[in-house]
Amino acid sequence: MSDLERELERLRPSNFPVDRRTLDDSELWWSGHFEYLKEHGYMMRPRYRPGWKPSFEPGILAALASEDGQSTLHPYVMDALRISDSYMVAMKRVKVSTGEDKVASFFSDEEHNTNSRNHCIRVLEVLAVPGNDDEKILVMPWLRNVMDPRFRTIGEAIQFFKEMIEGLQYMHENNVAHRRVDYFINNIRDCARNNLGMDANSMYTRQYHPIEQKKRYNWSGRALHHSRTRCPPRYYFIDFGRSEMYDPSEPRSLEYALKSGGYTPPEGDADIPCDPFATDVYILGTMIRTSFLDVIHGFEFLRPLVNDMIADDPSNRPTMNEVASRFSTIVGKLRWWKLRSRAVQKDEFLTTPFRALYHIFWTASMMLLLKPAIPVPKGLH
């Protein structure tokens, strides 16, 4: 074993497979349903097909360098291609008792699916689990982490904020609390689920691999992509396992807050039930603060709004209608040069002058192509 392999083994989390030449229990479950899923039009990767034999030698480095060495990041989520058109989908096992299938399907019906303000991930199909009435399989578009690739401009991030604010506002208008508005970055030490996702198919010239996303799906090279400004993606809320639907004819019940994104709202620390909509506002504001305001230059104009969203007292937080109105007013006052300015990481130093110079030429090219400073994806105009 090489020194690098020893270090990777030392850093390996407890749920990381020791030997990728064999399937773990969750992978065996999916591979055991290969024929069933194929009959319904979905093809899993070679690793999960009957009779699979690893193409790589023992060792983690060999596995990481091989397409069929890429195991799933989450035991209840599997990637596949839709056979009819090679569209990449996510298949998620959910327990019927959580009601996740009902919430996700509610926002996927014809009425909600055609509304541009709806940013809940669309359920393409709901499959029964053979021999198990307690579970279902939700088939949805495969999404990327919202932070990968990085945001290049202030305007690109503004569109992300707009869709998330608009989407949560739409959920609240339909009497649904998400309760876990956050995202996690997937890496070798932290393979956690996303609660926000990005449909980046428009950005990529060829399909990227669902696990090793810097590579093409067929493992033939790097997955090249355009910027968000040139080919705008769409952003979605996902993971409704803790979401709640409320009867509009009755007062909304108070709920105990959930830990989300590594943060517990103040009402959660105090173990006091409160309006779940106010908790949603806090979690969204915290995501914007920790992922943008605190780590990227140029977003201080949002600090007053975000500070109100994360107020300790839930009753002092604005509603999502108020957040949306204030956000629209703030953005309306921004000049074009501000929106096109580069989103600079606060820990970036040595490369700043070179990237700044490149950004000037890149911005000029986007303006020549008549790309707007706030890139709006098709279907949202």
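Every heavy atom of this structure was used, including side-chain atoms; hydrogens, water molecules and symmetry mates were not.
- One hydrophobic cluster holds both Leu37 and Trp52 under the rule that ILVMFWY side chains link at heavy-atom gaps under 4.5 Å.
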- request: Assess whether side chain to side chain contact (heavy atoms under 4.5 Å, CB included) is satisfied between Glu244 and Val176, documenting all intermediate values.
  value: CA-CA 6 Å; Glu244 293 287 347; Val176 176; over 6 Å; no
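- At a threshold of 4.5 Å between side-chain heavy atoms, the hydrophobic network of Ile, Leu, Val, Met, Phe, Trp and Tyr places Leu127 and Leu138 in two separate groups.
- For the residue pair Asn321/Thr319, the side-chain donor-acceptor check at 3.5 Å is not satisfied.
- Counting all heavy atoms, side chain and backbone alike, Ser227 lies closest to Met366 at OG-SD, 4.3 Å.
- Here the side chains of Met140 and Val123 are in contact, with some heavy-atom distance below 4.5 Å.
- The side-chain contact (heavy atoms from CB on, under 4.5 Å) check on Gln207 picks up Met88, Asn201, Tyr217, with sequence neighbours excluded.
- Residues that satisfy the side-chain hydrogen bond (donor to acceptor under 3.5 Å, both in side chains) test with Asp85, not counting sequence neighbours, are Arg82.
- In this structure, CG on Leu293 lies 7.0 Å from NZ on Lys346, to the nearest 0.5 angstrom.
- Atom CG of Asp148 is separated from atom CD of Gln213 by 6.0 Å, given to the nearest 0.5 angstrom.
- Using bins of under 30°, 30° to 60° and over 60° for the plane-to-plane angle, the ring pair Tyr36/His40 lands in the tilted bin.
- The ring-ring contact (aromatic ring centres under 6.0 Å, His included) test applied to Tyr208 returns Tyr204, not counting sequence neighbours.
- A donor-acceptor contact closer than 3.5 angstrom links the side chains of Tyr42 and Glu125.
- Smallest separation of non-hydrogen atoms from Pro375 and Pro232: CB-CG, 3.6 Å.
- Put simply, the side chain of Ile165 reaches to within 4.5 Å of the side chain of Leu284, judged on heavy atoms.
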query: Should His119 and Tyr235 be marked as a side chain to side chain contact (heavy atoms under 4.5 Å, CB included) after you check the CA-CA gap, both sets of side-chain angles, and the distance that decides it?
result: CA-CA 7 Å; His119 295 282; Tyr235 306 101; 5.8 Å; no
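- Residues Val129 and Arg93 have side chains not in contact (no heavy-atom distance under 4.5 Å, counting atoms from C-beta outward).
- Every residue was checked against the side-chain hydrogen bond (donor to acceptor under 3.5 Å, both in side chains) condition with Ser86, not counting sequence neighbours, and none meets it.
- Under the 4.5 Å side-chain criterion, counting only non-hydrogen atoms from C-beta, Asp24 is not in contact with Ser71.
- Residues Asp275 and Arg252 form a side-chain contact, since some pair of their non-hydrogen atoms from C-beta on lies under 4.5 Å apart.
- Leu143 and Val89 fall into different hydrophobic clusters, where Ile, Leu, Val, Met, Phe, Trp and Tyr residues are linked whenever their side-chain heavy atoms come under 4.5 Å apart, directly or through other members.
- Among residue pairs with one or both ends in residues 325-337, those qualifying as salt bridge (charged side-chain N to carboxylate O under 4.0 Å, His left out) are Asp308-Arg326; sequence neighbours excluded.
- Screening Arg228, Met147, Glu163 for a side-chain contact (heavy atoms from CB on, under 4.5 Å) with Met198, the sole residue that qualifies is Arg228.
- A donor and an acceptor atom, one from each side chain of Glu267 and Thr279, are located under 3.5 Å apart.
- The shortest distance between side-chain heavy atoms of Asp79 and Met44 does not fall below 4.5 Å.
- Tracing side-chain contacts under 4.5 Å through hydrophobic residues (I, L, V, M, F, W, Y), one reaches Phe34 starting from Ile83; they form part of the same cluster.
- Using a 4.0 Å cut-off between charged nitrogen and carboxylate oxygen, Lys95 and Asp134 do not count as a salt-bridge pair.
- Judged purely by atom type and a 3.5 angstrom limit, Asn174 uses its side chain to pair as donor or acceptor with the backbone of Tyr170.
- Phe299 has its ring centre less than 6.0 Å from the ring centre of Phe161.
- Annotation: the span from Met203 atom CE to Cys231 atom SG amounts to 8.0 Å, rounded to 0.5 Å.
- Although no hydrogens or angles enter the test, the distance criterion places no donor-acceptor pair under 3.5 Å between the side chain of Thr98 and the main chain of Gly241.
- Note on ring orientation: taking the six-membered ring where Trp is involved, the planes of His112 and Phe106 are tilted (angle from 30° to 60°).
- Salt bridge Asp199/Arg234: absent, no basic N to carboxylate O contact under 4.0 Å.
- Remark: side-chain polar atoms of Trp219 are paired, donor with acceptor, to backbone N or O of Ala65 under 3.5 angstrom.
- The backbone N or O of Ser55 sits less than 3.5 Å from a side-chain atom of Asp68, completing a donor-acceptor pair.
- Judged by distance alone, with hydrogens and angles left aside, the side-chain atoms of Arg45 form a donor-acceptor pair with the main-chain N or O of Gln70 at under 3.5 Å.
- When every heavy atom of Met320 is checked against every heavy atom of Leu168, the shortest pair comes out as SD-CD2, 3.8 Å.
- With hydrogens and angles disregarded, no donor-acceptor distance shorter than 3.5 Å links the side chain of His172 to the backbone of His178.
- Of all heavy-atom pairs spanning Arg216 and Arg222, the tightest one is NE-O, 3.2 Å.
- Of the inter-residue distances, the one linking Ser116 atom OG with Glu166 atom CD reads 6.0 Å to the nearest 0.5 angstrom.
- Distance alone, capped at 3.5 Å, places no donor-acceptor pair between the Glu348 side chain and the Val344 backbone.
- Note that CG of Leu334 is 7.0 Å distant from CD1 of Ile374, once rounded to the nearest 0.5 Å.
- Across all non-hydrogen atoms, the minimal contact from Asp101 to Lys136 is OD2-NZ, 3.3 Å.
- The backbone N or O of Phe56 sits less than 3.5 Å from a side-chain atom of Arg21, completing a donor-acceptor pair.
- Atom CG of residue Leu61 and atom OG of residue Ser66 lie 10.5 Å apart, to the nearest 0.5 angstrom.
- Under the 3.5 Å distance criterion, the side-chain polar atoms of Arg317 are matched with a main-chain donor or acceptor of Ala278.
- Side chains of Leu196 and Phe237 form a contact here, defined as non-hydrogen atoms less than 4.5 Å apart.
- Contact of the Glu173 side chain with the Gln169 side chain is registered, since non-hydrogen atoms from C-beta on lie closer than 4.5 Å.
- Taking each heavy atom of Ala311 and Tyr282 in turn, the nearest pair found is O-CD1, 4.2 Å.
- Evaluation of the ring-ring contact (aromatic ring centres under 6.0 Å, His included) test over residues 133-152, restricted to residues two or more places apart or in two chains, returns Phe151-Phe160, Phe151-Phe292.
- Remark: side-chain polar atoms of Ser291 are not paired, donor with acceptor, to backbone N or O of Ile288 under 3.5 angstrom.
- In terms of hydrophobic clustering, with Ile, Leu, Val, Met, Phe, Trp and Tyr side chains grouped at heavy-atom distances under 4.5 Å, Leu305 and Met287 are assigned to a common cluster.
- Here Glu67 does not pair with Arg47 in a salt bridge; the nearest charged N to carboxylate O distance is not below 4.0 Å.
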message: Before you tell me yes or no, could you show the steps for Glu212 and Lys215 under salt bridge (charged side-chain N to carboxylate O under 4.0 Å, His left out), namely the whole-Å CA-CA distance, both residues' side-chain angles and the distance that decides it to 0.1 Å?
response: CA-CA 6 Å; Glu212 183 51 58; Lys215 286 184 173 289; over 6 Å; no
- request: Show the numbers, then the answer: is there a salt bridge (charged side-chain N to carboxylate O under 4.0 Å, His left out) between Lys92 and Glu100?
  value: CA-CA 11 Å; Lys92 183 178 182 181; Glu100 181 169 1; 2.7 Å; yes
